[in-house]
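Residue numbers run from 1 in the order of the sequence given.
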Amino acid sequence: MRKTIAALALTLIACPANAETFQERLAPCLACHGEKGQSETENTPSLGAQQAPYALIQLFMFREKLRVFEPMNEMTKALTDDDLRTFSDFIATMPKPVPPAEAGDPARMQRGEALGRQHRCNSCHNPDYSGKENVPRIANQREDYLAKTLGEYKDNSRHGYDGSMADVMAPVTPAQIADLAYFIARVR
């Protein structure tokens, strides 16, 4: 699946370089991240209602290869600082992702909620997990993406712009990561 996403992104790279309108430049982003802010692509984050400062930092990190994921590095390499701001401001206006229709297994939801409180996820990311400023919105994010990202913070293969997430995730077990991702993906 990752190769498919990379191939799609690389195929669409020419579009931003030749596109004249913002909507044309945005099309490759929405192809992977979802036209209405909710990704339907495996391990690809939903961007809807993401905090503009957080999105701006992430786009900058991709452009500067401080965060390495080749399709995103390639997509952002020609973007100016103004482009980054325009994209991040737009992302913040997209509709927030909606939780799955089913409320989830009550026991897993309870374990995940308790883990969120224990590790203070609901402090930095807000009680409703909507994020704030340079802290991402994680409410109703794709469960697979959340689990992958939390695992990468735990094993230190994903580096943020500070070390706080690695510190938070250090004591969390893989089973707890699964419950936490399950809960956050379904938080109401």
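Using a distance-only test at 3.5 Å, with no hydrogens or angles considered, no donor-acceptor pair links the side chain of Lys154 to the main chain of Thr173. Remark: side-chain polar atoms of Glu24 are paired, donor with acceptor, to backbone N or O of Thr21 under 3.5 angstrom. A side-chain donor-acceptor contact under 3.5 Å links Arg63 to the backbone of Leu79. Of the possible polar contacts, none joining the Thr44 side chain to the His33 backbone as a donor-acceptor pair under 3.5 Å is found. Between the side chain of Tyr182 and the main chain of Asp105, a donor-acceptor pair closer than 3.5 Å is present. The main-chain N or O of Gly48 is never found under 3.5 Å from a side-chain atom of Ser46 such that the two would form a donor-acceptor pair.
Taking each heavy atom of Asn126 and Ser130 in turn, the nearest pair found is ND2-OG, 3.3 Å. The minimum heavy-atom distance linking Ala78 with Asp83 is given by the pair O-OD2, 4.2 Å. Between Pro100 and Ala185, the shortest heavy-atom distance links the atoms CD-O, 3.2 Å. Among all heavy-atom pairs drawn from Tyr129 and Cys121, the shortest one is CE2-CB, 3.7 Å. Heavy-atom minimum distance, Val172 versus Val168: CG2-O, 3.7 Å. When every heavy atom of Ala181 is checked against every heavy atom of Ala147, the shortest pair comes out as CB-N, 3.7 Å.
The shortest side-chain heavy-atom distance between Asn73 and Arg67 does not fall under the 4.5 Å cut-off. Residues Pro45 and Gln141 are in side-chain contact: their nearest non-hydrogen atoms beyond the backbone lie under 4.5 Å apart. Within the 4.5 Å cutoff, the side chain of Phe22 has heavy atoms near those of the Thr86 side chain. Side-chain contact between Met165 and Asn156 is absent, with no heavy-atom pair separated by less than 4.5 Å. Between Gln58 and Ser88 the shortest side-chain heavy-atom distance does not fall below 4.5 Å. Contact check for Asp179 versus Gln110: no side-chain heavy atoms found under the 4.5 Å cut-off.
A donor and an acceptor atom, one from each side chain of Thr80 and Asp82, are nowhere located under 3.5 Å apart.
With Leu146 as the fixed residue, the side chain to side chain contact (heavy atoms under 4.5 Å, CB included) test singles out one of Ile138, Asn140, Leu180: Ile138.
From Cys32, atom SG reaches atom CD of Glu42 across 12.5 Å, with rounding to the nearest 0.5 Å. Of the inter-residue distances, the one linking Gln38 atom CD with Lys96 atom NZ reads 11.5 Å to the nearest 0.5 angstrom. Distance check, rounded to the nearest 0.5 Å: CD1 of Ile177 to OH of Tyr153 gives 12.5 Å. Distance CD1/Ile91 to OH/Tyr54: 10.5 Å, rounded to 0.5 Å. Separating the CD1 atom in Ile184 from the CE atom in Met109 is a distance of 10.0 Å, to the nearest 0.5 Å. Here CD of Gln51 is found 8.0 Å from CZ of Arg137. Values are rounded to the nearest 0.5 Å.
In this structure, Phe69 is a member of the same hydrophobic cluster as Leu56, with clusters built from ILVMFWY side-chain heavy atoms closer than 4.5 Å. The same ILVMFWY cluster, assembled from side-chain heavy atoms under 4.5 Å apart, contains both Leu26 and Met72. Linking ILVMFWY side-chain heavy atoms closer than 4.5 Å, directly or via other members, places Phe90 and Ile57 in a single hydrophobic cluster. Under the 4.5 Å side-chain heavy-atom criterion for grouping Ile, Leu, Val, Met, Phe, Trp and Tyr, Leu47 is not connected to Val98 through any hydrophobic cluster. Note on Tyr145 and Val135: separate hydrophobic clusters, where clusters join Ile, Leu, Val, Met, Phe, Trp and Tyr whose side-chain heavy atoms are under 4.5 Å apart, directly or indirectly.
Taking a 6.0 Å sphere around CD of Gln118, one finds it holds more than 12 heavy atoms contributed by other residues, nucleotides or ligands. Heavy-atom neighbours of Glu64 CD from other residues, nucleotides or ligands within 6.0 Å: above the threshold of 12. Environment of CZ in Arg188: crowded, with over 12 heavy atoms of neighbouring residues, nucleotides or ligands closer than 6.0 Å. Within a 6.0 Å sphere centred on NZ of Lys132, other residues, nucleotides and ligands contribute more than 12 heavy atoms. Around atom CD of Glu102, more than 12 heavy atoms belonging to other residues, nucleotides or ligands sit under 6.0 Å away.
A salt bridge does not link Arg142 to Glu40: none of the charged side-chain nitrogens sits closer than 4.0 Å to a carboxylate oxygen.
Phe87 does not carry Arg85 over the face of its six-membered ring by the limits of under 6.0 Å from the centre and within 45° of the normal.
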